[in-house]
Amino acid sequence: MLMTSSVYPNFKTHFSELFAQAAHAVAPPDTAIRIELTRTKQANHGDYSCNLAMQLAKSLHKNPRDVANLLIEALPPSPHLDKVEIAGAGFINLFLKNSAKQQYLQYVLQSKEAYGHSQFGQGKKVQVEFVSANPTGPLHVGHGRGAAFGASLANVLAAAGFNVLREFYVNDAGRQMDILTLSTWLRYLELNDIHIPFPQNAYQGEYVKTMAQLIYEAHAQRYRHHPDLLLDDLPESTRETAINTDEQLDKLIANAKKILGEDYAYIHNFVLTEQLGDCRNDLMEFGVEFDVWFSEQSLFNNGLVARAIELLQSKHYLYQQDGATWFRSTDFGDEKDRVVQRENGQFTYFASDIAYHLNKFERGFDQVINIWGADHHGYIPRVKGALQALGLDPAKLEIALVQFAVLYRDGKKAPMSTRSGEFVTLRELRNEVGKDAARFFYVMRKSDQHLDFDLDLAKSQSNENPVYYVQYAHARVCSVLAQWDGNFDELVQLPHANAEELSSPAELALLQKLIDYPDTVEMAAKEFSPHIVAFYLRELAGEFHSYYNSTRFLVPEIPVQHARLALIASIRQVLNNGLKLLGVSAPDKM
RNA sequence: GCGCCCAUAGCUCAGCUGGAUAGAGUACCGCCCUCCGAAGGCGGGGGUCGCACGUUCGAAUCGUGUUGGGCGCGCCA
């Protein structure tokens, strides 16, 4: 048995090579040749089509159909080809032998989970950084889309032969964490009967009170302090009216740090651990896991921020103005220069981001992929600019933008506003529609397209729901195979002998669909578009359902029966593999 | 005002490295369970691919302009 389970012929690649040879024979050596093979839409156009003749017609000063004839004459023979035809303006249409399609069943059944994997990525090291939400509250449905997209993309890249590292960047250093710490402490003080008006621009959510309660239960009054100390240096009015300016909130934070001393770090650490744990747990239940949780604070602790800034300094890309330190990002096409160190000495988020990206590049990835919300697109030029300034190649950084998701319930927009604390969390969404529907709906759309998320549709256990449609196809195959009393291992060996029984148009189309799967995964990886896999699965499920309704599988003639069972078992395998890439389960029963 | 993204069937969207008659789901209408799961299938109507020019053998796809919508233009993250 010489065959390796994950090796199977790729017809597209195979024919491309043949056409390349033919082109060299027909065209002058210096002709620019781009071999393009497409799957045809109509059966009478064959299985694959090539437009090379039309491309070459002009430079060869011949009409396309004549060029096509020359190309066909020069085309080396292929054992997989039944016939070649010229059609239309000069398309060369290729017809596969039925046996070429039929033999694919054994590749699918023997490769199992590995079917669809390819060497496209050549083992290149790729980092995918996604979600990276501030650990200052629950993930909401916007993060959910980034999570679903990032996880699916990472899976698709891995299947296409990339060496993928999944990373979450933890913003544990910034002002937002201080605000959360302060918010929690204020709620804690309330539990100790110390009341000052809760700042409007602090975190309002119930989860803050929950954390305060936990601290109170564990440490009682240990962190209780007199309100006068807290409001020191703040206007008299703040005793009666809630703070709503950034300056006053910062003052409050500074006071809290002064009063609490080392205890501040405890509360800070407590809320961080709580939120991060909650986030990790939430994502795990969503089927999203990370290899690395990268701490922003560590960039400061390890001196990386200082080093990055010094590096820019030494290359003269920094200057002082108005007491702040600026990076000359306009040198690299940005709209304006950007502050890296504020007047008050604090580094900006951008500063640690420069250090983070420097670190990413020093880790030696062939490609670094950031998945951001589309509202951050204005941030791209400065980050790429910083990389260039550091002497790094910005082309290695790919930024995939994910547009917002808008929830619809009863045909109306569900209200969402982060600040007021009125937002739908990812957890609520999962509880309402389930993990599978949420994952599938999130990646059903192109990522750079706004997503209208129909909650009622996602919840409905009916034929309208595309998730169930695909899963149902899988369950149906399982059901048939469960009623068959044969040995599955035999089935895996048999189709080679019996596959010629599969010769109806529906069966040949299904076989071709299975053959298309590895190309589909490769395309999804190349285009950073997992939605391609979702569409493919719906089409495959559709063709299967149609086949199911037209053909009986458990027929008395054993060769026919086995051939058909091998076909639907292969379909099941591909459905399973594809759903897995999207983080959706493939149930045996529903 | 400047920059980025988007506009395709009533609705939600594929298709976009230029290719053959522009597709799917949904909604609407009509059929199919003595038969492996009807959460399924079959059939039908439904289009100026926002608009206008341009590039070419060929444009939903590329370019320019224009209209309409989203987002971004902080010493926030």
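Just so we're on the same page: letters track the sequence lines, and every chain starts at 1.
Partner assigned to B/C75 is none, using Watson-Crick or G-U wobble distances below 3.5 angstrom. B/G23 and B/C13 make up a base pair, with Watson-Crick or G-U wobble contacts both under 3.5 Å. In this entry B/G43 has B/C29 as its Watson-Crick or G-U wobble partner, both defining distances falling under 3.5 Å.
Side chains of A/D278 and A/Y207 form no contact here, defined as non-hydrogen atoms less than 4.5 Å apart.
In this structure, A/F453 places its CZ atom 13 Å from P of B/C13, rounding to the nearest Å. Here B/G41 presents its C1' atom at 9 Å from OH of A/Y469, a figure rounded to the nearest Å. Across the protein-nucleic acid pair, A/Q449 atom CD and B/C16 atom C1' stand 12 Å apart, rounded to whole Å. Put simply, OH on A/Y468 is 18 Å from P on B/A38, counting in whole angstrom units. Between A/F91 atom CZ and B/G18 atom P there is a gap of 13 Å when expressed in whole angstrom units.
Using a 4.0 Å cut-off between a side-chain N of Lys or Arg and a carboxylate O of Asp or Glu, A/D456 and A/R409 do not qualify as a salt bridge.
Comparing the P positions of B/G15 and B/C62 gives a spacing of 12 Å, expressed to the nearest Å. Across B/G10 and B/G45, the matching C1' atoms stand 13 Å from one another, rounded to whole Å. Comparing the same atom, C1', in B/C28 and in B/U67 gives a spacing of 32 Å after rounding to whole Å. On the C1' atoms, B/G23 is 10 Å away from B/U8, given to the nearest whole Å. Taking the C1' atom of each, B/C73 and B/U64 are spaced 25 Å apart, rounded to whole Å. For the C1' atoms, the distance from B/G3 to B/A9 is 33 Å, rounded to whole Å. Across B/A7 and B/G43, the matching C1' atoms stand 32 Å from one another, rounded to whole Å. For the P atom pair drawn from B/U61 and B/U55, the interatomic distance equals 15 Å after rounding to whole Å.
A/Y536 has its ring centre less than 6.0 Å from the ring centre of A/Y517. Aromatic ring centres of A/F553 and A/Y547: separated by under 6.0 Å.
Between the A/S529 side chain and the A/E527 main chain, a donor and an acceptor come within less than 3.5 Å of each other.
In terms of the ring pair (Phe, Tyr, Trp, His ring centres under 6.0 Å) criterion, residue partners of A/H531 (sequence neighbours excluded) are, by chain and number, A/F535. With sequence neighbours left out, the ring pair (Phe, Tyr, Trp, His ring centres under 6.0 Å) criterion links A/F440 to no other residue. For the side chain to side chain contact (heavy atoms under 4.5 Å, CB included) test, residues two or more places apart in sequence or in another chain that qualify with A/D334 are A/S329, A/R338, A/P381, A/R382. Here A/A473 pairs with A/A541, A/F544, A/H545, A/L575 under the side chain to side chain contact (heavy atoms under 4.5 Å, CB included) rule; sequence neighbours left out. With sequence neighbours excluded, the residues forming a ring pair (Phe, Tyr, Trp, His ring centres under 6.0 Å) with A/F168 are A/F290, A/W293, listed by chain and number. In this structure A/H474 satisfies the ring pair (Phe, Tyr, Trp, His ring centres under 6.0 Å) test with no other residue, sequence neighbours excluded.
A parallel orientation is assigned to the rings of A/F332 and A/F327, their planes being inclined by less than 30° (bins at 30° and 60°). Taking the six-membered ring where the residue is Trp, A/F294 and A/Y356 present tilted rings, their angle falling between 30° and 60°.
In this structure, A/S546 reaches the sugar-phosphate backbone alone: every heavy-atom distance under 4.0 Å involves primed, P, OP1 or OP2 atoms, never a base. Among the heavy atoms of the strands, none lies under 4.0 Å from A/F350. Here A/A473 lies out of heavy-atom contact (under 4.0 Å) with every strand.
The listed nucleotides are B/A77, B/G37, B/C13; the one nearest the side chain of A/N134 is B/A77. For A/D452, the side-chain atoms get nearest to B/U12 when compared with the rest of B/U12, B/A20, B/G41.
Sorted by first and then second residue, the salt bridge (Lys or Arg N to Asp or Glu O under 4.0 Å) pairs with a member in residues 538-551 of chain A read A/K513-A/E539; sequence neighbours excluded. The salt bridge (Lys or Arg N to Asp or Glu O under 4.0 Å) pairs that include a residue from residues 348-360 of chain A are A/E129-A/K360, where partners are two or more places apart or lie in different chains.
For the side chain to side chain donor-acceptor pair (under 3.5 Å) with A/S352, the qualifying choice from A/E296, A/H357, A/Q297 is A/E296, the only one to do so.
Glycosidic torsion of B/C33 falls within 90° of 0, placing the base in syn.
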*Quick one: what's the B/S/- string for nucleotides 69-76 of chain B, heavy-atom cutoff under 4.0 Å, read 5' to 3'?*
-SBBSBBS

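Taking both residues in full, the closest heavy atoms of A/A563 and A/N498 are given as CB-O, 3.5 Å, listed atom of the first, atom of the second, then distance.
Where A/N549 and A/L451 meet RNA chain B, the nucleotide closest to each residue was compared, and A/L451 sits on the side nearer the 5' end. Each of A/D588 and A/M444 has a nearest nucleotide on RNA chain B; the 5'-most of these lies closest to A/M444.
In the interface, the side chain of A/N93 is paired with the base of B/A20 through a donor and an acceptor atom under 3.5 Å apart.
A/K446 has no side-chain polar atom (N or O) that falls below the 4.0 Å cut-off from OP1 or OP2 of B/C16. Checking the phosphate oxygens (OP1, OP2) of B/G18, a side-chain nitrogen or oxygen of A/R34 falls inside 4.0 Å.
Shown for residues 46-59 of chain A: residues whose heavy atoms fall under 4.0 angstrom of RNA chain B, namely A/S49, A/N51, A/M54, A/K58. Near-neighbour residues of RNA chain B inside residues 524-540 of chain A, defined by a heavy atom below 4.0 Å, number-ordered: A/H531, A/F535.
B/A20 has its base stacked against the ring of A/H45, the centroids being under 5.5 angstrom apart at an interplanar angle below 30°. In this structure, the aromatic ring of A/F553 is positioned over the six-membered ring of the base of B/C36, centres within 5.5 Å and planes within 30°.
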Find every protein N or O atom lying less than 3.5 Å from an N or O atom of nucleotides 29-31 of chain B, and list the pairs.
none

